[in-house]
Peer 1: 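Once you've had a glance at the structure underneath, I'll fire off some questions.
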Amino acid sequence: MKSYIAIAEPSEDGGWWISFPGLPGVTSAADRAAQIVAQAQDALTSALEAGTTLPPAVEDGVIPQYDLSDYQNPLVVLVPYAMPAPAKA
């Protein structure tokens, strides 16, 4: 299991926007704060399925740079992620 940094920002409708500073363009949304991690994990899976290579994880000693001043009331979330098993041929 590896961990990735996500930033969750509250939306005007009460939900959350989720982005990954190490993965530009990979985003998701959650209706409630309790869904942030699951939605972030789903976004990572979708990125892999689309051919995106995940960056090094926190455990690899790499923390992506990010500027929280670009967000309003953000949460920095450590998202645990287990790489899916390769498809068997």
Peer 1: Testing the basics here: between Q72 and E9, what is the closest heavy-atom pair and its distance to 0.1 Å?
Peer 2: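 Reported closest heavy-atom pair: N-OE2, 2.8 Å.
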Peer 1: Which heavy-atom pair separates F20 from A43 by the least distance, and what is that distance?
Peer 2: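 Closest approach of F20 to A43: CE1-CB, 4.0 Å.
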Peer 1: For I7, run the side chain to side chain contact (heavy atoms under 4.5 Å, CB included) check against L68, L75, D70 and tell me which one passes.
Peer 2: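 Passing option: L68.
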Peer 1: Kindly indicate whether the side chain of K2, heavy atoms from C-beta on, has any atom under 4.5 Å from the side chain of L54.
Peer 2: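 When only atoms from C-beta onward are counted, L54 and K2 do not touch, as no gap falls below 4.5 Å.
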Peer 1: Please tell me if the side chains of Y71 and S19 come closer than 4.5 Å, counting only heavy atoms from C-beta onward.
Peer 2: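 Touching, per the 4.5 Å side-chain cut-off.
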Peer 1: Quick one: do L44 and W17 end up in the same hydrophobic cluster if we chain Ile, Leu, Val, Met, Phe, Trp and Tyr together by side-chain heavy atoms under 4.5 Å apart?
Peer 2: no
Peer 1: List the atom of I5, the atom of P21, and the distance in Å for their closest heavy-atom pair.
Peer 2: O-CD, 3.5 Å
Peer 1: L23, Y4: one ILVMFWY side-chain cluster at the under-4.5 Å cut-off?
Peer 2: yes
Peer 1: Has E59 got a side-chain atom pairing as donor or acceptor with S3's backbone, closer than 3.5 angstrom?
Peer 2: yes
Peer 1: Does D67 use its side chain to pair, donor to acceptor, with the backbone of S69 at less than 3.5 Å?
Peer 2: yes
Peer 1: Could you give the distance from CD1 (I18) to CD1 (I36), rounded to the nearest 0.5 Å?
Peer 2: 5.5 Å
Peer 1: To check you understand the geometry: which heavy-atom pair defines the closest contact between G15 and D13, and what is its length?
Peer 2: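 What the structure gives for the nearest pair is N-OD1, 3.0 Å.
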Peer 1: To the nearest 0.5 Å, tell me how far D31 CG sits from W16 CH2.
Peer 2: 12.5 Å
Peer 1: Given the rule that I, L, V, M, F, W and Y join up when any side-chain heavy atoms are under 4.5 Å apart, are V77 and Y66 in one cluster?
Peer 2: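 As far as the 4.5 Å side-chain criterion goes, Y66 and V77 are not connected within one cluster.
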Peer 1: Following the transitive rule for hydrophobic clusters with a side-chain heavy-atom cut-off under 4.5 Å over Ile, Leu, Val, Met, Phe, Trp and Tyr, establish whether V76 and V26 coincide in one cluster.
Peer 2: no
Peer 1: Is it true that V58 and L48 fall in one hydrophobic cluster, defined by side-chain heavy atoms closer than 4.5 Å?
Peer 2: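 Looking at the clustering, L48 is in a separate group from V58.
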Peer 1: Is it true that a side-chain atom of Q41 and a backbone atom of V79 form a donor plus acceptor pair closer than 3.5 Å?
Peer 2: no
